[in-house]
Amino acid sequence: MSVSVPKKGSLFWLAPAFFLLAAAPGFWYPVLTNVLTAQGWSEHITLAFLVPPIAGILSPLIMGARADQSIAAENLLACIVGGGAVFLWIAFETLERGQSPYWFLFWLSINGLVTAPAWSLITTVTLNALDDPSKDFGKYRVWGTLGWMAAGWIVSLLAMDQSPSVGKLSIAARVLGAACCLMLPHTPPQGGPPKNLAETLGLGTLRLLKYRDMAVFFVTAFVFSIPLAAYYLHTPRHLLALGFEQTAAGLTVGQITETVAMLLMGWFLSNWRIKWVLVLAMASGVIRYSLYAFGAIQSSPWLVLLGVAFHGLCWTYFFEAGKVFLDRRAEKGIRAQSQAFLSLLTGGIGGVLGTLSMQWLYSRLVNEATGSGWENYWWVLTAFCAVCLIGFLIGY
């Protein structure tokens, strides 16, 4: 009996591509704080977390413009994922050998610069290929969540929660992911050649800001992404302080709820106004950090993990549903750029400000020697998320 092999352009390849592209950072990003601490490089943690968002400022818009104007998005995606794997390998080889932390940060920054546009590009490919993105996007995007979750479980199963060898796992996922990207549905440029420097730099999407709903969405996404930095930066450290050592596996609780949320996203987008989907997301963000605070008060890692579960709802119904909303509102010629602009505001500028401000706040409120102050830290972030929610309700 013959077996049908999916051809280039088949929707089949979206699932493994999402899975592998998410698994690659999922192997190292959630445990980076603990890996660097075990290596004796704890003073460089903030710099390491600044690298991806700084890279997210520089390259996504330009690469998004190329996908809109001159290069098929799936081919561009394969090139940057495969190319980035080389620099990621050098970075983790430097870390594993205990060489200068600044060389590690340098190569990690080159990797980030190359691969920062990847997520917005695969989103563009997926939304372009689907007949009904509102209904079906979550069914494919959920494979990214499963990839991130699988990576976390593998890391903890192999007892690598504090090992620099997680980089090797990530590189393998990157190489396989690049191969899958070559098989994605063909996504040719939808716009014409750039007419001026602004279009060359991918700034055509700025015209979306003249619409009130789009302006409020972009501003809220930017501000809401600032406290998000604390989730990745300090959740693993707080769990360790509470005696919970399997941090990589523990953080996948958020991916479990994210999986459920992704599968239900089509229903929400079909039956709720986008405003209320976004409100649900921000309310989940408020609950997330308030549970962290109660976990600190009661010295309970389980309350913190319950907060992690709400992170899955927060992420899905704001950032992923927001991508579908953006695809609806942006014209074809700037759709890749609009996704890149969202990435710039959230993962780029918002990520940089978030990492710097959260580390500043942490250093003033949390006493690492005694383990006190965690509840005050999380209460401030709870209030920050609540202000975002109130501002959105007033402005949208």
Between Tyr231 and Leu251, is there a side-chain heavy-atom distance shorter than 4.5 Å?
yes
Show, in sequence, the C-alpha distance, side-chain angles and deciding distance for Lys168 and Glu96, and conclude whether the side-chain contact (heavy atoms from CB on, under 4.5 Å) test is met.
CA-CA 10 Å; Lys168 293 187 174 85; Glu96 197 158 6; 2.7 Å; yes
Contacts of Trp379 meeting ring pair (Phe, Tyr, Trp, His ring centres under 6.0 Å) (sequence neighbours excluded), chain-then-number -> Phe294
Transitive ILVMFWY side-chain link Ile349 to Ile226, under 4.5 Å
yes
Please lay out, stage by stage, how Cys314 and Arg288 fare under the test side-chain contact (heavy atoms from CB on, under 4.5 Å).
CA-CA 8 Å; Cys314 173; Arg288 170 191 57 195; 3.8 Å; yes
Heavy-atom count check: over 12 atoms from other residues, nucleotides or ligands less than 6.0 Å from Glu245 CD?
no
Mind checking side-chain contact (heavy atoms from CB on, under 4.5 Å) for Thr33 and listing every partner two or more places apart, or none if nothing turns up?
Thr37, Ile45, Phe49, Arg237
Given Phe341, Phe325, Tyr211, the one that forms ring-ring contact (aromatic ring centres under 6.0 Å, His included) with Phe218:
Phe341
Exactly one of Leu88, Leu20, Leu169 should register a side chain to side chain contact (heavy atoms under 4.5 Å, CB included) with Arg174. Which one does?
Leu88
Where does the angle between the aromatic ring planes of Trp378 and Tyr289 fall among parallel (under 30°), tilted (30 to 60°) and perpendicular (over 60°)?
parallel
Under 4.5 Å between side-chain heavy atoms, chaining through other members, with only Ile, Leu, Val, Met, Phe, Trp and Tyr counted: pull out the rest of the cluster around Ile390, sorted by chain and number.
Ile394
Looking only at heavy atoms, the pair that brings Leu208 and Arg329 closest together is CD2-O, 4.2 Å
Neighbour count >12 (heavy atoms, 6.0 Å) for atom CH2, Trp143:
no
Hey, does the Lys NZ or Arg CZ of Arg212 hover above the aromatic six-ring of Tyr396, less than 6.0 Å from the centre and inside 45° of the axis?
no
Give the intermediate values and the outcome of ring pair (Phe, Tyr, Trp, His ring centres under 6.0 Å) for residues Phe104 and Phe92.
CA-CA 7 Å; Phe104 168 72; Phe92 275 92; 5.7 Å; yes
Aromatic ring pairing His234/Tyr377, orientation class (parallel under 30°, perpendicular over 60°, tilted between)
perpendicular
Test log, rule side-chain contact (heavy atoms from CB on, under 4.5 Å), inputs Ile297 and Trp374:
CA-CA 8 Å; Ile297 293 169; Trp374 279 107; over 6 Å; no
Leu157, Val253: one ILVMFWY side-chain cluster at the under-4.5 Å cut-off?
no
What one should report as the nearest heavy-atom pair of Leu342 and Ala221 is CD1-CB, 3.9 Å
Before giving the answer on side-chain contact (heavy atoms from CB on, under 4.5 Å), spell out for Leu182 and Glu74 the whole-Å C-alpha distance, their side-chain angles and the decisive distance to 0.1 Å.
CA-CA 6 Å; Leu182 291 172; Glu74 77 280 4; over 6 Å; no
Tell me whether Lys275 is salt-bridged to Asp213, with the criterion being a basic N under 4.0 Å from an acidic carboxylate O.
no
Leu113 to Pro117 - nearest heavy-atom pair and separation
O-CD, 4.2 Å
Polar side chain donor-acceptor pair, Thr355 to Tyr232, under 3.5 angstrom
no
Taking C-beta and beyond as the side chain, do Ser42 and Leu36 meet within less than 4.5 Å on heavy atoms?
no
Test side chain to side chain donor-acceptor pair (under 3.5 Å) applied to Tyr317 and Glu258, step by step
CA-CA 9 Å; Tyr317 292 134; Glu258 188 177 314; over 6 Å; no
Using 30° and 60° as the class boundaries, would you call the ring planes of Trp107 and Trp103 parallel, tilted or perpendicular?
parallel
One pair to check against ring pair (Phe, Tyr, Trp, His ring centres under 6.0 Å): Phe18 and Tyr140. What are the steps and the verdict?
CA-CA 7 Å; Phe18 265 118; Tyr140 289 96; 7.9 Å; no
Report the C-alpha separation of Ser134 and Arg328 in whole Å, then their side-chain angles, then the decisive distance to 0.1 Å, and conclude whether the side chain to side chain donor-acceptor pair (under 3.5 Å) test is met.
CA-CA 9 Å; Ser134 295; Arg328 289 177 184 172; 2.9 Å; yes
